[in-house]
Protein chains: 2
Amino acid sequence: MGVVDGKPGLRELKKQRTRAAISDAAITLFLEHGFNQVSVAQVAEAAEVSKRTLFAYFPTKEDLVVHRLADHETEAARVVRARPPGTAPLTALREHFLTGLRERDPISGLNDHPQVRRVHRMILDAPSLVARMEGFKTGAERALAQALQETADTPELTARLAAVQIVAVQWALAQDNAERLAYGEPADERYAGAVEDAEHAFTLLENGLHHLTPQR
Amino acid sequence: MGVVDGKPGLRELKKQRTRAAISDAAITLFLEHGFNQVSVAQVAEAAEVSKRTLFAYFPTKEDLVVHRLADHETEAARVVRARPPGTAPLTALREHFLTGLRERDPISGLNDHPQVRRVHRMILDAPSLVARMEGFKTGAERALAQALQETADTPELTARLAAVQIVAVQWALAQDNAERLAYGEPADERYAGAVEDAEHAFTLLENGLHHLTPQR
DNA sequence: GAGTAAATGTATACCAGGTGTAGAAATCAC
DNA sequence: GTGATTTCTACACCTGGTATACATTTACTC
């Protein structure tokens, strides 16, 4: 029953294999023809599995894509929890984001490998997938809020407010990078600007928006 | 063709009437039995219209509900654009939000009329409707970013970052209020706390998160 | 006021995502 | 092996949404 079972068993093994086969078939087909252009029946056929079985492994068509990104949902929360003692949450998060940029982590929007870009394009072209990504943000907010509350001794409301701000900003930064890469800018060329933007964004988070001038 | 036409015409009139009939039938049925428990065919029948006609007026089932909230998508942007000269965007938005609380605007989450609460419950119970609301947030962010950029002489990135933070915070405040009301707290009783929370949130937006202690 | 083009509504059939059911087949424990 | 349990499958079905082809209504022109 547990995730890591002492007795893998033939059953568990086949399950994992089937799951991987379905997921692989799905990604391959989706990348080739587009998410909306491929039916779940086609995916099931390609994976040599019945439609019903497919839905036993992935409750919705969208899950065939997004299950691979599930880990990222709690990433910010984990970073906050794992920060070294004496470090402010925002500092740890900024450091982590900058590391992501440096390593071209796809989540930072700064990875221009064709594979990654094709995945990105596939998601943007399918409204239902975009909606699921939005849902991810909500999950990330909740997890981060809890992490802040528990590890930074922050009141519930403040934790929630901080969490939604942070998640929104990180998301915006990543989207901005991805958008520029989609326009053809190479990642290495964008890197310096991405770092600058990230620094600016985290500074804004720390110091607030009072610089917004009243000028009209 | 224009929204306000000198010649309403019988055609236009009937169209509006049909549209209203469909929308009313939908809301009534959805509130009574739940969004997912009512099929569009039932709505069409209740409105004495064919299914195809229904979809000519509302492109998706969700639109039967959310078309009534479409105005709110650009509300924050309008507030920023309409602020008196010499006023900071955040000041205008805070003022507007507080006014919403005072007037128990449903968008502030502080309206406990049974109708409003039932609508709220209906939305929360239907994942596809929740997803649509998330989409609203995205639209609100975009509109607000543009308003900030155009009226506050803010760089594009800063405007976007500020916009996502502001929208996220307002949404969180409203959700928090709505949640408490859903738990039975009367709006009048919650009012003072809601104002306090809003003030706190906007202060946080203005002054930043540097108060988040590193304490572990 | 009659005739006609355009817009609107309808019936019907269809596609895709997703579920319920009952039973076949594989796996496991003994 | 045998029996119980899980997993898979085939099949039928429901619902949201679209395509087509046709009927009806409205509005404009003369």
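All heavy atoms count here, side chains included; hydrogens, waters and symmetry mates do not. Proteins get letters first, then strands, A, B, ... in listed order; numbering begins at 1 in each.
Residues of residues 19-42 of chain B having a heavy atom closer than 4.0 Å to DNA chain D, listed by number: V38(B), S39(B), V40(B). Non-hydrogen atoms lying under 4.0 Å from DNA chain D are contributed by nothing in residues 118-135 of chain A. Residues of residues 51-65 of chain A that place a heavy atom closer than 4.0 Å to DNA chain D, in numerical order, are R52(A), T53(A), Y57(A).
A salt bridge is defined here as a Lys NZ or Arg NE, NH1 or NH2 lying under 4.0 Å from an Asp or Glu carboxylate O, and R17(A) with D24(A) fails to meet this definition. Salt bridge present: R104(B) and D188(B) bring a charged side-chain N and a carboxylate O closer than 4.0 Å. Salt-bridge annotation for R19(B) and D63(B): absent, with no side-chain N of the basic residue lying under 4.0 Å from a carboxylate O of the acidic one.
We find that CG of L13(A) is positioned 12 Å from P of dC8(D), with the value rounded to whole Å. Protein atom CZ of R17(B) is 11 Å distant from nucleotide atom P of dT26(D), rounded to whole Å.
Separation of atoms CG (L129(A)) and CG (L69(A)) is listed at 10.0 Å; rounding is to 0.5 Å. Rounded to the nearest 0.5 angstrom, T158(B) OG1 and R160(B) CZ are separated by 11.5 Å.
Checking each of F58(A), Y57(A), F136(A) against H67(A) for a ring-ring contact (aromatic ring centres under 6.0 Å, His included) leaves exactly one that passes, namely F58(A).
Here K14(A) does not reach the OP1 or OP2 of dA26(C): none of its side-chain N or O atoms lies under 4.0 Å away.
Within a 6.0 Å radius of CZ in R68(A), other residues, nucleotides and ligands contribute more than 12 heavy atoms. Heavy atoms of other residues, nucleotides or ligands lying less than 6.0 angstrom from CD of E48(A) number 12 at most.
L205(A) has its side chain within reach of Q165(B): a pair of non-hydrogen atoms, C-beta onward, lies under 4.5 Å apart. Residues H33(B) and Q42(B) fail the side-chain proximity criterion, which asks for heavy atoms closer than 4.5 Å.
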